[in-house]
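Note that this is a predicted model, so its numbers are computed, not measured. When a residue number appears, it is its place in the shown sequence, counting from 1.
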Amino acid sequence: MFDSMRAAAAPVDGHGDGDDLAVRTPPTRAVVLVTVAATVVTVVLGVLTGTAVLLLGLLVFLPAFASALCTPRQTALVSTWVSALVVVPVALSGERVADRVVLALFAVGFGVLAVYASRLRIAREGALVRLWSTAAAMQRQILRPLPLLTDDVLVDGVYEPVQQDKLVGGDIYDVAATPWGTRVLIGDVQGKGLAAVGMAIDVVGAFREAAHREPTVTALIDSLEAAVVRHNDYAEQRGEPQRFVTAAVLGVDTGSDVQLVICGHVPPYLLHEGRVTAVGAGTEQAPLGLADLVDEARTVSWFTFPAGATLLLCTDGLTEARAPDGAFYPLEARLGGRVDITAGRLTRSLVDDVHGFTAGAQQDDLAVLAVRRAPVRVPE
């Protein structure tokens with residue numbers, strides 16, 4: 001099933017990895033050209049103004065610029081070149097000996113300091129690259145790269161934490177292929193920061209374990225509830241605030257009907273045959289972590305998910321995005337013109353659209369998933 005889509009669903013890391021964070025420096029040829037150009041400009045101005053020695057003194061600061069951009073070897077090349085240009089003309093000039101010595105010492109001393117500064121910069125950038133590479137590897141374990149493919153569905157989407165220096169935020173998602181069909185999770189942890197990330201890790205971990213253990217979606221939800229409660233108990237012991245998690249969980253199998261449990265989360269939208277339909281609206285139940293505040297047990301609602309249809313899941317980073325005038329993003333209206341495009345293009349176009357709507361001001365973590373139903377296989 002889904003054979004025609006399997007090639008298109010090869011893992012693509014939409015979050016970046018360490019290979020994209022390698023320390024980059026300008027090529028040596030470019031460094032040489034810039035150094036020679038600066039030298040030519042200085043010499044020409046010196047000849048025209050009759051102050052060649054003084055202008056050459058300005059080249060003393062060129063290695064400092066090189067140290068901020070170049071490798072230690074490239075910086076040493078620039079420093080040696082500048083030292084020669086400054087020391088030789090000064091030694092042959094008619095200026096006082098003290099002036100010649102001071103200028104020469106400045107040239108050599110600045111060159112040595114520039115090489116040392118370049119070595120420090122490269123070492124720090126290398127440590128930062130290793131740190132980000134580790135964080136990217138951890139993120140791939142917490143939030144798996146999209147798209148994700150099972151025998152029942154293709155799930156594609158976009159994930160953007162509001163703090164771009166953090167690879168993981170409070171929004172979560174996951175997909176599990178189980179003996180009872182495919183389970184899909186999308187959720188949003190209350191609050192932001194590292195504490196919210198900790199809760200997100202616990203919920204995703206609980207989902208991955210319980211999705212393969214629990215035969216019913218309601219039992220899976222109970223396991224997620226227990227994970228949130230445990231996390232809050234530990235948080236209380238540390239004097240940290242307790243948090244709840246909004247979530248929506250799908251259970252999709254080979255049948256035409258799909259199970260859905262909404263725990264205080266944004267209801268999904270079904271896109272099929274040119275129509276956009278909100279599903280699950282009115283069946284919202286208590287967020288994860290707040291089950292003790294209500295008397296009713298969580299229940300499953302059912303809806304028809306036809307072959308070839310797409311189900312859009314998102315967090316409130318999309319539905320509560322605001323324009324500069326305060327208007328909320330009209331998700332249902334914007335979906336109307338995107339009914340018949342692929343799952344990947346659907347989510348990417350929505351995120352690009354909301355960025356334009358808010359004038360680029362992202363107010364919250366953003367997760368958008370498009371769940372594409374497997375087409376019916378025609379018997380051969």
Side-chain angles (χ1 to χ4, degrees), residues 1-2 5 9 11 14 142-159 171-189 200 203-225 227 245-272 277-280 283-285 287-288 298 300-318 342-344 346-347 350 366-374:
M1 191 176 292
F2 254 156
M5 298 183 181
I142 299 169
L143 298 177
R144 293 169 178 147
L146 296 167
L148 295 168
L149 179 64
T150 72
D151 287 340
D152 305 301
V153 293
L154 169 69
V155 181
D156 208 342
V158 177
Y159 181 86
D171 287 2
I172 55 177
Y173 67 85
D174 201 23
V175 179
T178 76
W180 306 281
T182 299
R183 272 83 183 270
V184 180
L185 164 73
I186 188 168
D188 186 358
V189 178
V203 174
V204 171
F207 174 83
R208 290 177 181 169
E209 192 275 332
H212 295 273
R213 184 191 68 229
E214 302 296 348
T216 66
V217 175
T218 50
L220 169 57
I221 292 293
D222 290 341
S223 296
L224 300 183
E225 174 74 22
V245 180
T246 68
V249 176
L250 290 173
V252 186
D253 56 22
T254 55
S256 60
D257 290 336
V258 169
Q259 300 178 71
L260 170 65
V261 178
I262 303 177
C263 301
H265 199 74
V266 180
Y269 285 93
L270 181 68
L271 286 67
H272 184 57
T277 307
V279 295
T283 66
E284 298 89 343
Q285 301 167 70
L288 299 174
R298 292 190 177 95
V300 170
S301 60
W302 296 78
F303 67 94
T304 301
F305 190 14
T310 300
L311 194 65
L312 184 88
L313 306 174
C314 67
T315 58
D316 59 10
L318 183 65
T342 62
L346 170 64
T347 55
L350 279 176
L366 181 63
V368 185
L369 300 181
V371 182
R372 180 74 174 177
R373 184 64 133 147

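Between the Arg372 side chain and the Leu154 main chain, no donor and acceptor come within less than 3.5 Å of each other. Formation of a donor-acceptor pair under 3.5 Å by the Asp188 side chain with backbone atoms of Thr315 is not found in this model. Side chain of Tyr159 to backbone of Leu146: no donor-acceptor contact under 3.5 angstrom is found.
Taking the side chain as every heavy atom from C-beta outward, Thr277 and His272 never approach each other to under 4.5 Å. Put simply, the side chain of Leu250 reaches to within 4.5 Å of the side chain of Leu313, judged on heavy atoms. The shortest distance between side-chain heavy atoms of Val153 and Leu311 does not fall below 4.5 Å. Residues Glu225 and Arg298 meet the side-chain proximity criterion, which asks for heavy atoms closer than 4.5 Å. By the 4.5 Å heavy-atom criterion applied to side chains, Trp180 and Asp253 are not counted as neighbours. For the pair Leu366 and Val158, the minimum side-chain heavy-atom distance is 4.5 Å or more. Residues Phe207 and Ile172 have side chains not in contact (no heavy-atom distance under 4.5 Å, counting atoms from C-beta outward).
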Acceptor/donor pairs from residues 255-269 side chains to any protein atom, 3.5 angstrom cut, sequence neighbours excluded:
from	atom 1	to	atom 2	distance (Å)
Asp257	OD1	Thr304	OG1	3.1
His265	ND1	Thr246	OG1	3.0
His265	NE2	Cys314	O	2.8

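Among pairs with a residue in residues 174-184, those fulfilling salt bridge (charged side-chain N to carboxylate O under 4.0 Å, His left out) read Arg144-Asp174, Asp174-Arg208, at least two apart in sequence or across chains.
The heavy-atom pair separating Leu369 from Thr347 by the smallest distance is C-CG2, 4.0 Å. Taking all atoms of both residues into account, the shortest heavy-atom contact from Ala247 to Leu288 is CB-CD1, 3.9 Å.
Residues meeting the side chain to side chain donor-acceptor pair (under 3.5 Å) test with Ser223, sequence neighbours left out: Arg213. Under the side chain to side chain contact (heavy atoms under 4.5 Å, CB included) criterion, Ala177 pairs with Thr150, sequence neighbours left out. Scored by the side chain to side chain contact (heavy atoms under 4.5 Å, CB included) test, Ala227 finds Ala206, Arg230 as partners (sequence neighbours excluded). With sequence neighbours excluded, no residue forms a salt bridge (charged side-chain N to carboxylate O under 4.0 Å, His left out) with Asp316. Scored by the side chain to side chain contact (heavy atoms under 4.5 Å, CB included) test, Thr218 finds Thr216, Val300 as partners (sequence neighbours excluded).
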